[in-house]
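Counting starts at 1 for both ligands and their atoms, following the listed order.
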Amino acid sequence: MSEVHLHPVMPEIEAKAHANNDTYREMYQQSVVNPEGFWREHGQIVDWIKPFTKVKNTSFDTGHVDIKWFEDGTLNVSANCIDRHLETKGDQVALIWEGDDPNDDKTLTYKELHTEVCKFANALKGQGVRKGDVVCLYMPMVMEAAIAMLACTRIGAVHTIVFGGFSPEALAGRIVDSNAKVVVTADEGVRGGRAVPLKQNVDAALANPSVTSVEKVVVYQRTGNAIEWNSGRDVWWHEATAVVSDNCEPEEMNAEDPLFILYTSGSTGTPKGVLHTTGGYLVYATMTFKYVFDYQEGEVFWCTADVGWITGHSYLIYGPLANGAKTILFEGVPNYPSTARMSEVVDKHQVNILYTAPTAIRALMAKGNEAVEGTKRDSLRIMGSVGEPINPEAWEWYYKTIGDSKCPIVDTWWQTETGGILITPLPGATALKPGSATRPFFGVQPALVDNMGNIIEGATEGNLVMLDSWPGQMRTVNGDHERFEQTYFSTFKGMYFTGDGARRDEDGYYWITGRVDDVLNVSGHRMGTAEIESALVAFDKIAESAIVGVPHDIKGQAIYAYITLNAGEVPSAELTKEVKDWVRKEIGPIATPDFIHWTDALPKTRSGKIMRRILRKIATGDTGSLGDTSTLADPSVVDKLIAEKSSVV
Ligand code: WTA
């Protein structure tokens with residue numbers, strides 16, 4: 001371990017922060033000793049239509065996992081994100097849109113956002129959407145993505161957002177699983193100077209015979225280029241919203257009514273539909289946004305995530321808007337048209353809080369000072385990181401070069417499943433150690449367990465679990481509660497297993513070491529190895545495949561695919577291209593293998609189980625310590641794989 005460079009709390013940040021170290025300790029203590037009392041008080045951070053009387057009703061017992069928060073309260077998410085700010089800040093900016101092209105931008109005030117959300121809510125009703133129906137959003141990063149999300153919550157429809165980079169096949173699978181009635185999309189998206197054929201992808205997805213639930217497709221016109229039109233089914237956004245009233249009363253929702261479904265990859269099977277509900281999620285997103293980013297009135301917040309990921313849900317839309325913040329929705333990518341784009345956007349909109357991912361930071365770091373050329377970044381006060389472990393070198397570069405050594409960095413650890421940030425520094429409270437996500441947020445009870453599930457104390461390393469529930473926790477896997485219990489509560493009985501490993505140091509700080517299951521993290525995107533493998537074996541020339549992750553300087557991890565071909569097939573450059581194209585089509589570009597290792601046989605145990613541990617070591621060139629290979633059915637396979645490694649590209 002190299003020496004840790006401690007960054008103490010900055011006095012000027014601490015002076016006006018929502019919490020300092022003493023208040024953090026006090027509040028944390030209260031939150032775990034008396035969660036009922038703590039959340040009864042802090043549940044008031046959102047407005048309730050009917051106040052809750054019950055606070056926490058949760059069980060992690062295998063076979064009876066059940067999670068309910070604020071269960072007898074009622075509220076509406078869009079009313080919390082918009083209506084409650086109208087009186088005090090109706091004319092203040094809520095959303096700032098920055099286009100892919102640096103000359104394109106616009107803003108919406110809270111009042112204007114209210115009008116747009118009401119109109120689209122009424123338009124959705126006009127297309128037959130009712131409370132409880134699922135609406136699938138397959139959108140580019142335009143204002144209308146936020147408007148559509150909020151409109152769903154206004155009428156009690158459940159949104160499921162599918163990232164625009166997913167293929168028609170992947171989209172179809174999510175529509176089928178969620179039983180979506182309406183799809184909202186755009187003619188095309190624009191990203192990094194390139195058009196993304198969203199409507200065409202929707203058409204292809206809906207042509208899949210397994211998709212039977214969709215009645216209408218609402219299309220926002222982003223580029224105006226020609227698209228195919230299915231007149232019985234397709235509706236223009238601008239036409240549907242032109243004929244409706246601009247007032248729509250928010251639907252009264254129970255705290256435990258579903259709010260959204262978001263698909264994410266796990267170690268087995270198809271992506272899981274993570275279900276979040278209304279009250280607990282909103283309380284948790286609102287509370288974490290306020291404290292973790294130490295949001296102060298009037299500040300401009302920029303989260304660079306896409307709304308297709310959980311970070312885009314909790315910290316681009318719901319957390320910021322529930323706090324009455326100004327939040328930026330950026331259509332483009334951090335290095336287009338120039339390496340300094342991110343810094344330029346910071347200056348242009350006078351961003352105070354910047355929240356981005358290690359993969360973006362490392363890509364900019366590779367260009368050195370070009371990333372800040374011609375920019376001041378003097379509006380920045382706090383910076384955040386999310387999605388994967390941030391290596392201390394990238395942390396220091398982010399701190400010095402982007403933040404000019406005056407902004408604390410909050411390295412926030414959390415998951416799609418957790419709804420909001422669980423382990424994180426608080427800017428005015430926590431001395432920072434580059435590479436450490438530091439301490440638990442209020443109400444969060446992390447622990448480390450050994451492989452037998454015994455809790456291990458003190459400075460140590462183990463599997464990261466949570467001992468009790470927090471309001472933002474997912475409630476179930478859509479339509480499959482058994483899978484929920486199996487995935488998260490069966491490895492270690494009575495505990496929520498995160499799938500991550502972590503180290504805890506002598507100060508009680510957590511250092512996330514990465515996934516301990518078969519999940520990869522490529523540029524901050526979660527990919528299940530099983531998911532990529534099943535896409536590969538669905539290709540008619542492939543017999544078998546095994547996917548492992550290998551370290552990558554910028555992406556964090558790269559995808560390394562071992563592939564065995566059917567008899568008679570031979571590896572070639574064309575086949576490599578065919579296979580990559582196939583994966584893009586089946587899942588999306590983010591799942592494309594970086595390396596393909598053609599081989600005749602994979603190392604298997606006598607019972608036929610692929611020994612991934614060995615494959616990981618061969619892929620990373622760590623062949624000096626392969627460990628015990630005597631359980632292999634055919635140990636000679638290993639030498640052959642090592643010899644082949646040199647020709648892998
Ligand atoms: C990883 C993203 C280290 C982790 C919000 C987790 C991190 C997975 C961090 C969840 C961090 C996220 N430090 N690792 N600050 N943040 N991760 O569901 O492995 O897309 O389990 O949620 O990302 O990814 P997901």
min-distance protein heavy atom vs atom 10 (C) of ligand 1 -> Trp414 O, 3.5 Å
Numbering the atoms of ligand 1 from 1, which are under 4.0 Å from a heavy atom of Asn521? 1 (C), 23 (O)
Go through Glu98 and Arg341 one step at a time and tell me if the salt bridge (Lys or Arg N to Asp or Glu O under 4.0 Å) criterion holds. CA-CA 11 Å; Glu98 168 75 11; Arg341 181 72 191 276; 2.6 Å; yes
Does Tyr509 have Arg439 sitting over its ring (NZ/CZ under 6.0 Å from centre, angle to axis within 45°)? no
Show which atoms of ligand 1 fall inside a sub-4.0 Å distance from at least one heavy-atom site of Asp411. 11 (C), 13 (N), 15 (N)
Closest to atom 9 (C) of ligand 1 by heavy-atom distance, out of Glu388, Arg526, Arg515, is Glu388
Per atom 18 (O) of ligand 1, closest listed option by heavy atom (Asp500, Val386, Ile421, Thr416): Thr416
Using a 3.5 Å distance criterion without hydrogens, assess whether the side chain of Ser534 forms a donor-acceptor pair with backbone atoms of Glu531. yes
Structural part of Ile310 in contact with ligand 1, heavy atom criterion under 4.0 angstrom: side chain
With heavy atoms only and a cut-off of under 4.0 Å, state how Gln415 meets ligand 1: side chain, backbone, both or neither. both
Can you list the steps and then say if Ile421 with Tyr284 is a side-chain contact (heavy atoms from CB on, under 4.5 Å)? CA-CA 9 Å; Ile421 295 163; Tyr284 200 72; 5.6 Å; no
Under 4.0 Å from any heavy atom of Thr311, which atoms of ligand 1 are there? 5 (C)
protein heavy-atom neighbour closest to atom 23 (O) of ligand 1 works out as Gly387 O, 3.2 Å
Identify, for atom 3 (C) of ligand 1, the protein heavy atom at the shortest distance, and state residue, atom and that distance. Pro389 N, 3.1 Å
Heavy atoms of other groups near Asp553 CG, more than 12 under 6.0 Å: no
Please check if the side chain of Thr359 supplies one atom and the backbone of Gly524 the other of a donor-acceptor pair under 3.5 Å. no
Is a side-chain donor or acceptor of Tyr398 paired with a backbone partner of Gly384 at a separation under 3.5 angstrom? yes
Report yes if the distance between the aromatic ring centroids of His7 and Tyr399 is under 6.0 Å, otherwise no. yes
Suppose I only count heavy atoms of Thr412 and a 4.0 Å limit; which atoms of ligand 1 are within that range? 9 (C), 11 (C), 15 (N), 16 (N)
Examine the proximity of ligand 1 to Val519 and report which part, side chain or backbone, both or neither, has a heavy atom under 4.0 Å away. neither
